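To keep things clear, I will list the structure first and then write my remarks on it.
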Amino acid sequence: MEPKPCESDEEPMTGADENYDPRAIQDKWQARWEELNPFAASEDPADERPRKYALDMFPYPSGDLHMGHAEAFAIGDVVARYWFQRGYNVMHPIGWDSFGLPAENAAIKRDSHPAEWTYANIDTQADSFQRYATSFDWSRRLHTSDPDYYRWNQWLFLRFYERGLAYRKGGNVNWCPNDQTVLANEQVVAGHCERCGAPVEKRVLTQWYFKITEYADRLLADMAELEWPERVLLMQRNWIGRSEGADVAFQIEGRAEPVTVYTTRPDTLYGATFFVVAADAALADEICAPEQRAEFEAYRQAVQRESEVERLAADREKTGVFLGRYAINPVNGERMPVWASDYVLAEYGHGAIMAVPAHDQRDLDFARRFGLPVRVVVRTGDADPAESGVATAGEGELVNSGPLNGLSKSAAIPRITEVLEEKGLGKAAVNYRLRDWLISRQRFWGTPIPIIHCEACGEVPVPDDQLPVRLPDDLRGADLAPRGVSPLAAAAGWVNVDCPKCGAAAKRDTDTMDTFVDSSWYFLRYCSPGYTDGPFDVEQVRRWMPADQYTGGVEHAILHLLYSRFFTKVLYDMGMVDFTEPFTRLVNQGQVILNGSAMSKSTGNLVDLGEQIAEYGVDAVRLTMMFAGPPEDDIDWADLSPSGAVKFLARAHRVAAEVTSAPGADVATGDTELRKVTHRTIDEVTRLVEAHRYNVAIARMMELTSATRKTIDTGAGAGDPAVREAAETLAVMLSLVTPYTAEEMWERLGHDVPVAKAGWPAAEPALLVQESVTCVVQVAGKIRDRLEVSPDIAEDDLERLAVASEKVQVAMGGRGVRKIIVRAPKIVNIVPA
RNA sequence: GGGGCCGUAGUCCAAUCGGCAGGAGACGCGUGACCUAGGAUCACGACAGUGUGGGUUCGAAUCCCACCGGCCCCA
């Protein structure tokens, strides 16, 4: 690792002393570990050790690693190192998600090729990972922008295409005016581009989609088997947005075909007083009456100009135009005016709704704005919506609803659905919020879509043996500037090809794939990174997958994690994998923030990882991250004390350095009190690490360090074998979090390195047994006495002891006993009469 | 508007099932010892009573209800 120019060897690191110099041991061990290569996963089929797959969300190479990476990769590394110590055959790979817009923007600015920026950053990050002591198997390293990788993106696209899961269609799409490309629904956050924050616009374009909606039910159902944070599952559930309701057919006067409307509240059908069509839906244009045409056109143009943000704003006044037409309510024959509005979305449901203003807030807002009637059909006991302006959505008794009158809401829903089905006017229906995944992008630095457009043959897949369709390498700098169509369109020599089917002149598809395609299966590629006969070796994947733990940020809760689940299910259906979920256990670490808000370059609210490491050392930074709190919580760097971490490490290191007994000394002869602390620590830390309670595990290691210190100074002394045992235990446990310091301790204790292979200590059950425990005696819930008792004392013995206590007698003040609760050996509660 | 998560010392955080908050651990602060005189080390100490109000219970930080405050998802 090259030292940063600002670093000076003269300046001692914070907290360093002559015995513990973090920088010196970093340099020493980094070089040694490269020789030892302790973390290569074994592919030997004869290797009987059970396997574990520790997976980290791979980074995007935007400059050097930052504080967020430091936290996420510290967590993943602790897990992997724990499994190594437990003797598993561990795979802990790393790679780079190296296609994407920032590289392209950098190339435009510097008049270079995106690859230059990308691969330079990857090298920087790889060096930083080495220094950060991550336990990766470097032989599995991959980059999604390598042709050897994206070739298989194209191959998978073609398999999806064959199965009808990749298709092209025209329609309204999300358009980022800044990045000059379309976006998937998942990439629009509150109306803004997820990447650059620009307000998203709508455009009508023909684009490529993956049919993720076909998997909606399975994506929902299979969540049951996942050990994921509840909130992530909830987010995915919300995103998929399954709802049960009914499709109802409405006749429109003067139109032959009825229009189908989806509703989750068919019970309110008698309360429908008007009908709304999405202003940008084809239906609105079609049915608009001639006398309303001019008004409608003006409105539609206004709607098309507005951004998603404006459209979604909650407090915004409703807008719309009457279309001059009427729909017929199928249950009561009422004529309902048909309006066009932007609060109904063309892409959802069928692009039209029945409006029930009494029981839907948006419908009510619209009705009040345009003076449309409000009819209550569910009596909920709340105020009249027409008066209060608040729609009522709760349970209640049906009124004004013909045959439904008197039924409850929940009874009315199946009843009306039945009626509709009998009359052929509708049927029960399930609707999803989830849309198909729009995967084409009008940008350069991504995987070319392997399709050729031929005038005669139409869409023609590029034959497998012609993959990869490589990106042209002669485009650079200004050639890549966004212009609304893919820069690839300008590469004539690349675009113009012969049709693989008929040989006539044809053109390549010029769009590239969403980079989320790349990341939807990279974890499979790690299992056989050099494989050339397919995206992955099916046999290897069977051995390693699914990943036992996946560590990364919650920002991927619906994007990457949903797409990867979808890919896995498709591959399962293709018979390429034998599991349906890719990640068994998921850990979402919180963010590293500063002074209460997110770190950001633009506001200068930033802590530089390299500087922190230069000041405190890798181990102290890792320890600070892991000790700060539960991994899923945000951690505020301003609240933390990396110098405190250095101090503790120096303390632990000193304890190991002071040990004077020889390796292999007979611990059985050692100080029993310290041995008990050591073994209790082993027992607790093991449990805590398994449960991801790293901050508490570290607190226990600190206690053991203090206990050892005390034994050396005022107890059995540095030569006692129990001190050696404690120091060795500390070194191994610390090796998960602070590998450099642990290695140095291990060496000083006279052992063969690396400590990573020392093996996890086992607690001796005999040393976990306590001779006596404190029993609390309460009178009426107040603590009156404490008794030292045997841990296996019988309940009636304990009760006798408690009642006999003098302090208890005083507290009872002569009152009789009403009740005694005994929970041996911890507590006795005496309730006086 | 609907749904979810969370409120413990000045700060970050602990507390299997409801069972000792003499708060596990740490930061910061203070006092003392020691010395290599430091941004070192060791020892000791102070500050709190679980956001508020009810309820259930022998017993509530933990369970239930309402409210206040903060965060997240969907609209």
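A quick note: this is a predicted structure, and the numbers were derived from the prediction, not measured. Per chain, numbering begins at 1; letters A, B, ... match sequence-line order.
Considering only the side chain of A/V696, B/rA24 comes nearest among B/rA24, B/rC58, B/rA26. Distances were taken from every side-chain heavy atom of A/W239 (C-beta onward) to each of B/rC12, B/rC74, B/rA75; the shortest belongs to B/rC74. The side chain of A/M235 lies closest to B/rC73 when the candidates are B/rG59, B/rC73, B/rU11. The nucleotide whose nearest atom lies closest to any side-chain atom of A/K647 is, among B/rA75, B/rC27, B/rA24, B/rC27. Proximity note for A/N238 (side chain, C-beta onward) versus B/rC73, B/rG19, B/rA21: the nearest is B/rC73. The side chain of A/A699 has B/rA24 as its nearest neighbour among B/rA26, B/rA24, B/rC58. Comparing B/rG19, B/rA26, B/rC13 by their nearest atom to the side chain of A/D633 picks out B/rC13. Out of B/rG19, B/rC27, B/rA14, the shortest distance to the side chain of A/S641 is found at B/rC27.
Taking a 6.0 Å sphere around CD of A/E244, one finds it holds 12 or fewer heavy atoms contributed by other residues, nucleotides or ligands.
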Compile the donor-acceptor pairs under 3.5 Å between side chains in residues 620-640 of chain A and protein atoms, sequence neighbours left out, one pair per line.
{"unit_1": "A/R622", "atom_1": "NE", "unit_2": "A/V737", "atom_2": "O", "d": "2.8"}
{"unit_1": "A/R622", "atom_1": "NH1", "unit_2": "A/D77", "atom_2": "OD2", "d": "3.0"}
{"unit_1": "A/R622", "atom_1": "NH1", "unit_2": "A/Y132", "atom_2": "O", "d": "2.9"}
{"unit_1": "A/R622", "atom_1": "NH1", "unit_2": "A/A133", "atom_2": "O", "d": "3.2"}
{"unit_1": "A/R622", "atom_1": "NH2", "unit_2": "A/D77", "atom_2": "OD2", "d": "2.7"}
{"unit_1": "A/R622", "atom_1": "NH2", "unit_2": "A/L736", "atom_2": "O", "d": "3.2"}
{"unit_1": "A/T624", "atom_1": "OG1", "unit_2": "A/A620", "atom_2": "O", "d": "2.6"}
{"unit_1": "A/D634", "atom_1": "OD1", "unit_2": "A/Q591", "atom_2": "N", "d": "2.7"}
{"unit_1": "A/D636", "atom_1": "OD1", "unit_2": "A/N595", "atom_2": "N", "d": "2.8"}
{"unit_1": "A/D636", "atom_1": "OD1", "unit_2": "A/A638", "atom_2": "N", "d": "3.0"}
{"unit_1": "A/D636", "atom_1": "OD2", "unit_2": "A/N595", "atom_2": "N", "d": "3.3"}
{"unit_1": "A/D636", "atom_1": "OD2", "unit_2": "A/G596", "atom_2": "N", "d": "2.7"}
{"unit_1": "A/W637", "atom_1": "NE1", "unit_2": "A/Q612", "atom_2": "OE1", "d": "3.0"}

- Message: Pair A/S805, A/V777 - check side chain to side chain contact (heavy atoms under 4.5 Å, CB included), show working.
- Response: CA-CA 9 Å; A/S805 153; A/V777 185; 5.7 Å; no

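As a whole-Å value, the separation of A/I558 CD1 from B/rC72 P is 14 Å. Here the C1' atom of nucleotide B/rC13 and the CD atom of A/E632 are 13 Å apart, to the nearest Å.
Nucleic acid contact class of A/I827 (heavy atoms, under 4.0 Å, all strands): base. Using a 4.0 Å heavy-atom criterion, one finds that A/E230 contacts no nucleic acid atom at all. Across all strands shown, A/R231 has no heavy atoms under 4.0 Å from either base or sugar-phosphate atoms. Residue contacts for A/E703: at a heavy-atom cut-off of 4.0 Å it reaches the sugar-phosphate backbone alone, with no base atom in range. Within 4.0 Å of A/R651, counting heavy atoms only, lie sugar-phosphate atoms of the nucleic acid but no base atom. Nucleic acid contact class of A/F627 (heavy atoms, under 4.0 Å, all strands): base.
Scanning both residues, A/M701 and A/L730, for their nearest heavy atoms gives O-CD2, 3.6 Å. A/A697 and A/V685 make their closest contact through O-CG2, 3.8 Å (heavy atoms, listed as atom of the first residue, atom of the second, distance).
Annotation: side chain to side chain contact (heavy atoms under 4.5 Å, CB included) contacts of A/R362 (sequence neighbours excluded): A/K318, A/Y343, A/D360.
Base orientation at B/rC42 is anti, since its O4'-C1' glycosidic dihedral falls outside 90° of 0. In this structure, B/rG28 is classed as anti because its glycosidic torsion departs from zero by more than 90°.
Between A/R654 and B/rC42 there is a side-chain N or O to OP1 or OP2 distance below 4.0 Å. The side chain of A/K826 places no N or O atom within less than 4.0 Å of a non-bridging phosphate oxygen (OP1 or OP2) of B/rG19. At the phosphate of B/rA75, OP1 or OP2 sits under 4.0 Å from a side-chain N or O atom of A/R433. OP1 and OP2 of B/rC12 both lie 4.0 Å or more from every side-chain N or O belonging to A/N695.
Formation of a donor-acceptor pair under 3.5 Å by the A/R435 side chain with backbone atoms of A/Y432 is found in this model.
The base of B/rC58 sits within donor-acceptor range of the side chain of A/N829, with an N or O pair under 3.5 Å.
Taking atom P in both B/rU62 and B/rC17, the straight-line distance is 14 Å, to the nearest Å. For the P atoms, the distance linking B/rG54 with B/rU11 amounts to 25 Å, nearest Å. Comparing the same atom, C1', in B/rA9 and in B/rA48 gives a spacing of 4 Å after rounding to whole Å.
Between A/R369 and A/D365 no salt bridge is recorded (no basic side-chain N to carboxylate O distance below 4.0 Å).
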Output field dot_bracket for RNA chain B (Watson-Crick or G-U, both distances under 3.5 Å, | for other-strand pairs) contains (((((((..((((.....[...).))).(((((.......))))).....(((((..]....)))))))))))).

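Side chains of A/E744 and A/Y20: a donor-acceptor N/O pair is absent below 3.5 angstrom, by distance only.
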